[in-house]
Number of protein chains: 2
Amino acid sequence: MGREAQIGRTAILESALAIADDDGLDAVTMHAVAKRLQVTPMALYRHVANKAALLDGLVEMLLTEFPLPARQLPWDERLTALAAGIRATAHRHPGVFPLLLSRPTVTQAAVHVRDSIHQALREAGVPETDLGRIERLLSTAILGFAVSEATGRFRLHDQTVLDEDFAELQRWMRRLLPTPPHPPDSGATLA
Amino acid sequence: MGREAQIGRTAILESALAIADDDGLDAVTMHAVAKRLQVTPMALYRHVANKAALLDGLVEMLLTEFPLPARQLPWDERLTALAAGIRATAHRHPGVFPLLLSRPTVTQAAVHVRDSIHQALREAGVPETDLGRIERLLSTAILGFAVSEATGRFRLHDQTVLDEDFAELQRWMRRLLPTPPHPPDSGATLA
DNA sequence: ACCTGAACACCGTTCAAGT
DNA sequence: ACCTGAACACCGTTCAAGT
């Protein structure tokens, strides 16, 4: 019975991501992915349930790319690094990235990202009851900006302008959180 | 030669919007729109250039729905009302709304919305050089949240939770702007 | 001027058949 | 177990033809 598999779920997702990066999300069709793998479209259905499942897999790949910052870093640097990493992923994969704004946090990788933000907010002094809300609003602001860049909503503006926009957004994030991340390095903190 | 037109651009857009509201954006096909108008798909091409132009038209319809608040209102109430109106449009048209996050501000209706925000920010004391940046960040945060609701990213949360999320987002907006909108009504302001 | 009919190259997906 | 071939009901869009 056995027959050595020519393709697998990972190869399918990698092909689909490459197509999306090169030619946009609309170019990701079952036919196109199959062609890139030198296989018929129907061969894909042994490895992914359908096209929706394939897109879910692509989103999970992006989430896995987000660089979770080391726990040793101060919480504000962790938030800043995570936001920058998310934005970098949007720049690398503008075709797939907008899908992130329509997926609830249910997969493993998505939960890890959220937990990382929760932990940083905890250390920032956010009360436990507010963690969910603050995380939703912060991640929505970051995702909204990154999606806008990915889709070309800001296409009339120079990259330098958008970089400064993002820096300002980062400053807003900091201003909205309760406590300063580390006290100004004066000896007063020892008193 | 003349032959009385059976359909027009407006009827096409209204049909397309109704289909999107009922069955989602993917259900908006040239065939489906034509069928609803009791016409062949090819008849549409006399009134819209192609499907992309039809979707552009839908976005313009949503922008026209945004209720621009009266200029007599204090600027903070204007921003609050505009944000609430944008969110209400997302709730009414969840299928089409996410397209707003991929369109630059070029059409007439979009420019009117942006100008309305610019004027409110001016009265808030935002320096002229910062108007563009602040407007982009504020509108991105509002759109990001509304799109998240429209797509179902927050589908695991109750409506009451999301209402409170949005209220908190509104408070953030206020906190980030330079001056208080109207002095606290104590006699001290007369001194 | 506006709409139709026929046609084309695509889609996603099924089913039975091959190895 | 995995892949293929044939098939189906759709897509967006063209072109020439009808009124």
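Note on naming: letters A, B, ... go to the chains in the order of the sequence lines (proteins, then strands), and numbering restarts at 1 for each one. For clarity, every value in this text was computed on a predicted model and none was experimentally measured.
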Less than 4.0 Å between a side-chain N and a carboxylate O, is that true for D163(A) and R87(A)?
->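 Salt bridge flag = yes for D163(A) with R87(A).
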
Give a yes or no on whether a salt bridge exists between K51(A) and D56(A), defined as a side-chain N under 4.0 angstrom from a carboxylate O.
-> no

How about R78(B) and Q119(B): do any of their side-chain heavy atoms sit closer than 4.5 Å?
-> yes

Under 4.0 angstrom, heavy atoms only, what part of the nucleic acid is A5(A) near: base, sugar-phosphate, or nothing?
-> sugar-phosphate

Please work out if M42(B) contacts a base, only the sugar-phosphate, or nothing of the nucleic acid, heavy-atom cut-off 4.0 Å.
-> base

Do you know the tightest heavy-atom contact between R133(A) and V161(B)?
->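 Nearest pair, atom of R133(A) first, then V161(B): NH2-O, 3.2 Å.
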
How close or far is atom [atom2] of [N] from atom [atom1] of [X], stated in whole angstroms?
X      : N       : atom1 : atom2 : result
D23(A) : dC11(C) : CG    : P     : 12 Å
L44(A) : dC2(D)  : CG    : P     : 14 Å
M30(A) : dG12(C) : CE    : C1'   : 7 Å
K35(A) : dT4(D)  : NZ    : P     : 15 Å
K51(A) : dC11(C) : NZ    : P     : 9 Å
L55(A) : dC11(C) : CG    : C1'   : 14 Å
Y45(A) : dG5(D)  : OH    : P     : 17 Å
D26(A) : dC10(C) : CG    : P     : 16 Å

Does T40(A) make a side-chain N or O approach to OP1 or OP2 of dC3(D) shorter than 4.0 Å?
->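 No.
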
Nearest of [options] to any side-chain atom of [X]?
X      : options                  : value
H31(B) : dT4(C), dC11(D), dC3(D)  : dC11(D)
T29(A) : dG12(C), dC3(D), dT13(C) : dG12(C)
Q6(B)  : dC3(C), dC3(D), dT13(C)  : dC3(C)

Do the side chain of S116(A) and the main chain of H112(A) share a donor and acceptor less than 3.5 angstrom apart?
->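 No, because the side chain of S116(A) does not come within donor-acceptor range (under 3.5 Å) of the backbone of H112(A).
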
Does dG5(D) pair with anything, Watson-Crick or G-U wobble, both distances under 3.5 Å, and if so, with which nucleotide?
-> dC15(C)

